[in-house]
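Inspection log for the structure reproduced underneath, given as structure tokens.
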Amino acid sequence: MSSSPSPMPENGSYKPLESRDFASVPMLSGPLFSPNSRRLVYSRSEARLEKDDYISHLWLLDTESGESLQLTNGSGEQRARWLDDDRLLFIARRQTGTEEEKKAKLLPQTDIWLIDCRGGEARLFLEIPLEVLDFEPLDEDTFLLIARHDPERDAIRLLEGTGREAALRKLKEQRDVTVLTELPFWSNGGSYQNRVRRRLYLYHRDTKALTPLSAELDDCDGLEVCRRTGRALLIRRRWSGLRPLVSELCIYEYKTGELREIGPFTDYVYGAAWFWGDDIAFSGSDMQLGGLNQDRDLWLLAEGSEPRRLINAEMTGIDFGNSVNSDLRRGGGCQLRPAGDWFYFIHTRGSDAHLSRVDKTGTIQDLVTAEGSVESFAVHKSLLIHVAFRGRRAGDLYRLDLSAHREERRLTDVGAFWEEERLGRFERFSFVSEGDSLEAFVLLPPDYDPACSYPALLAIHGGPKTAYGTILFHELQLLASHGYIVFFTNPRGSSGRGADWSDIRGGYGKRDYEQLMALTAAVLARYPAIDPERLGVLGGSYGGFMTSWIVTHETRFAAACTQRSISNWVSMYGLSDIGYYFVSDQLAATPWTDPERLWEASPLRLAPQVRTPTLILHSDQDYRCPLAEAQQFFAALCLAGTDARLVIFHGADHGLSRDGKPRQRLRRLDEILAWFDKYLKEQNEESIEESPAREAGIEGRESL
């Protein structure tokens with residue numbers, strides 16, 4: 001490592017962010033108006049390091065005064081649904097049943113509670129002997145549910161007495177054996193599964209009758225209810241043996257009890273569907289232009305008429321949903337929904353997520369276009385309330401009066417948890433690569449001095465169909481706060497620039513790689529304060545694949561961190577919960593039709609020539625990019641004599657960096673900082689054994 005003529009920054013003018021600081025930020029989500037719009041309920045979640053979990057409560061906003069108050073204080077509430085203008089239903093999960101069932105955790109139960117917003121404590125309203133994933137009231141006594149259906153466990157639920165006890169004992173004894181007859185045979189973060197489906201049920205509160213409405217092997221999702229007509233929409237997949245990509249649009253008629261397909265397309269991937277007055281709106285794609293990652297169109301279906309396309313994703317470049325990366329969000333909420341004469345939708349545009357609307361003639365209006373990210377929204381007549389990231393703030397609630405066309409007004413003050421002087425600042429510039437104009441983002445340390453010398457990190461987002469922006473992202477700010485210049489871009493494959501931009505099928509590691517290297521060259525030329533011999537690269541999922549790809553093709557990086565990545569497309573095909581269709585779609589090959597193409601595109605092929613010290617982070621319940629992907633790459637580096645460290649997070653899945661257990665998230669960040677400090681900072685002797693996680697008594701388990 002060569003010495004630099006420039007001095008090192010002292011980093012003494014501010015207190016750097018800490019790995020644990022992500023836990024200090026409350027995360028808002030899921031705003032939902034009461035029917036009369038006088039109240040709005042939303043969720044507020046926080047990570048708790050001391051208990052190594054997350055806690056979420058429901059809060060109530062008075063839409064006239066703008067004041068919020070905490071409504072619930074239980075063990076974690078979710079899935080709020082208004083029963084009427086004053087009463088609210090929500091799920092609070094807990095294990096109930098006999099002591100034997102609690103201990104064995106064999107049979108699920110979902111408790112749905114009711115609270116009156118005018119006063120009083122919440123009371124247990126429904127006890128449903130299933131794991132309920134979604135629910136909607138048709139009236140006070142009748143409910144539609146989507147719940148997880150496991151044929152073996154559901155059969156036990158119907159038994160009584162000694163027969164039930166014997167069946168439970170048998171189920172417990174057989175937990176050491178799994179029989180599989182289907183693909184996929186597991187799901188990310190879950191476990192082995194066979195013939196498990198999301199099933200539609202009708203539940204009567206007075207009789208506690210639970211009636212399945214969909215077939216045992218049908219998968220149902222996207223429940224949407226119109227209480228006025230007693231009808232429901234849902235997306236259904238009918239399958240046995242091999243789960244298909246295509247789906248069906250179905251309607252349920254409560255008065256007749258009929259569940260039927262309403263089309264209108266075959267060989268189509270339906271995204272979601274909504275009642276819009278007397279019509280139906282739905283989104284989806286035929287996968288003909290962009291494969292799995294093709295942007296969805298929006299359609300209007302009127303009874304007796306042919307479907308009419310309101311938004312053509314290819315023509316408009318509209319990319320529904322929010323794809324902008326951050327690690328400071330939790331919970332969901334509405335991102336597309338009709339209200340009155342308009343259909344409202346969040347969409348990713350460049351490096352931001354905006355909110356727009358379209359009417360039934362296809363006229364589009366932009367509503368919220370400020371830099372940042374709209375997370376979710378609720379709308380009633382001319383009143384719009386949404387969760388958004390703005391500037392250096394995490395998510396807050398904002399209000400917009402649509403009739404007056406005013407600027408959005410912030411209603412909460414939870415997003416500004418860190419002092420401004422502890423946060424890095426963004427600079428942006430454009431560069432050209434492969435004939436494309438791209439935007440470079442450079443996050444500078446808080447006390448950046450161009451006369452000093454800095455290490456720098458190339459960060460690569462996952463997806464690939466997501467995007468980086470300038471919204472608050474704890475991990476990136478943490479790195480900048482510790483003296484790193486962090487830079488990134490949204491290369492081909494990313495969201496927000498139309499179907500052609502996001503479609504890199506058959507091109508992983510080609511045009512995207514060239515653009516990332518062009519970014520690196522452009523940043524080095526523009527920022528002479530960066531020491532070119534102290535460059536690092538990191539990324540997760542697709543970003544992990546690209547990190548591994550880069551260190552097998554480049555020697556300019558002095559250290560790397562690859563996370564939840566893909567190293568071998570051949571093994572990925574058979575092990576990943578999506579591998580059997582994702583690999584063939586994105587690489588146009590299978591291990592039997594063209595194994596050479598898969599191997600040619602695999603970082604593992606060239607791993608023996610890697611000399612870059614590489615940190616590998618992976619979760620053992622990551623079934624999206626399974627652990628074997630990390631183990632193979634680690635083995636190859638060890639055999640090549642390259643400095644490598646493999647850290648395995650037990651019980652965590654593909655979403656570790658965003659919603660993993662708080663202590664594991666803390667350990668992950670400490671690992672990243674310690675690794676880059678070791679290789680990129682001069683005269684640094686710190687190791688993970690002396691990290692803040694260790695000092696706090698928070699241990700991780702690792703394989704070396």
Side-chain angles (χ1 to χ4, degrees), residues 19 184 186-192 325 327 459-464 466 475 508 536-552 559-579 582-583 602-605 607 610 612-640 642-676 688 691 693 698-704:
S19 299
W186 56 16
S187 60
N188 177 52
S191 60
Y192 287 112
N325 281 267
D327 53 4
I460 309 170
H461 65 63
T466 65
E475 178 181 330
Y508 280 56
V537 56
L538 75 161
S541 195
Y542 163 78
F545 163 81
M546 285 305 305
T547 298
S548 300
W549 184 263
I550 285 169
V551 297
T552 61
C561 175
T562 180
Q563 308 163 61
R564 59 189 187 280
S565 61
I566 300 165
S567 68
N568 183 354
W569 288 106
V570 178
S571 56
M572 175 75 176
Y573 183 92
L575 292 177
S576 168
D577 63 343
I578 64 171
F582 182 85
V583 175
S602 298
L604 186 62
R605 181 177 65 91
V610 174
T612 305
T614 301
L615 173 65
I616 305 171
L617 304 180
H618 221 99
S619 303
D620 66 1
Q621 290 188 11
D622 184 346
Y623 304 139
R624 185 62 38 83
C625 297
L627 179 60
E629 298 300 308
Q631 292 168 322
Q632 294 174 88
F633 201 67
F634 175 67
L637 297 186
C638 287
L639 290 169
T642 302
D643 287 352
R645 179 181 177 92
L646 171 59
V647 183
I648 300 173
F649 295 88
H650 296 280
D653 63 20
H654 197 65
L656 168 65
S657 64
R658 296 149 291 183
D659 53 21
K661 288 185 177 181
R663 291 183 182 179
Q664 289 185 326
R665 290 179 63 181
L666 172 60
R667 177 61 185 268
R668 170 185 167 272
L669 292 169
D670 284 344
E671 289 279 353
I672 293 171
L673 271 176
W675 188 259
F676 286 123
I688 190 62
S691 74
I698 299 170
E699 295 286 340
R701 295 166 62 188
E702 64 198 31
S703 297
L704 297 177

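Side chains included, hydrogens not; waters and symmetry mates left out as well; all remaining heavy atoms used.
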Residues passing the salt bridge (Lys or Arg N to Asp or Glu O under 4.0 Å) test with Arg665, sequence neighbours excluded, are none
Across all chains, not counting sequence neighbours, the salt bridge (Lys or Arg N to Asp or Glu O under 4.0 Å) partners of Asp577 are Arg624
What distance do [X] atom [atom1] and [Y] atom [atom2] have between them, rounded to the nearest 0.5 Å?
X: Phe545; Y: Ile550; atom1: CZ; atom2: CD1; result: 10.0 Å
X: Tyr573; Y: Ile578; atom1: OH; atom2: CD1; result: 12.5 Å
X: Tyr508; Y: Tyr542; atom1: OH; atom2: OH; result: 7.5 Å
X: Ser571; Y: Leu604; atom1: OG; atom2: CG; result: 7.5 Å

Check the angle between the aromatic planes of Phe582 and Trp569 and answer parallel, tilted or perpendicular using the 30° and 60° thresholds.
parallel
- Please check if the side chain of Gln664 supplies one atom and the backbone of Gly660 the other of a donor-acceptor pair under 3.5 Å. no
* Asked: Any sub-3.5 Å donor-acceptor pair from Thr562's side-chain atoms to Gly544's backbone N or O?
  -> yes
With a 4.5 Å heavy-atom cut-off, do [X] and [Y] have their side chains touching?
X: Ile648; Y: Leu627; value: yes
X: Phe676; Y: Leu538; value: yes
X: Thr547; Y: Gln563; value: no
X: Arg564; Y: Leu656; value: no
X: Ser567; Y: Ser548; value: no
X: Asp620; Y: Asp653; value: no
X: Glu475; Y: Arg668; value: yes
X: Val537; Y: Ile460; value: yes

Might you point out which heavy atoms bring [X] and [Y] nearest each other, and give the distance in Å?
X: Asp670; Y: Ser19; value: OD1-OG, 2.7 Å
X: Trp675; Y: Arg645; value: CZ3-CB, 3.7 Å
X: Thr466; Y: Asn325; value: OG1-ND2, 3.1 Å
X: Phe633; Y: Ile616; value: CD2-CD1, 4.0 Å
X: His618; Y: Cys625; value: NE2-O, 2.5 Å
X: Thr552; Y: Pro603; value: CG2-O, 3.5 Å

By side chain to side chain contact (heavy atoms under 4.5 Å, CB included), Pro626 pairs with (sequence neighbours left out) Met572, Leu575, Ser576, Glu629
Contacts of Ala635 meeting side chain to side chain contact (heavy atoms under 4.5 Å, CB included) (sequence neighbours excluded), chain-then-number -> none
Next item on the list: Given side chain to side chain donor-acceptor pair (under 3.5 Å), test Ser657 with Asp327 step by step and report yes or no.
Entry: CA-CA 7 Å; Ser657 64; Asp327 53 4; over 6 Å; no
Residue set satisfying ring pair (Phe, Tyr, Trp, His ring centres under 6.0 Å) with Tyr623, at least two apart, ordered chain then number -> Trp186
Applying side-chain hydrogen bond (donor to acceptor under 3.5 Å, both in side chains) to His654 and not counting sequence neighbours gives Ser541, Asp622
Side chain to side chain contact (heavy atoms under 4.5 Å, CB included) for Leu617 and Cys561? Distances and angles first, verdict last.
CA-CA 7 Å; Leu617 304 180; Cys561 175; 3.9 Å; yes
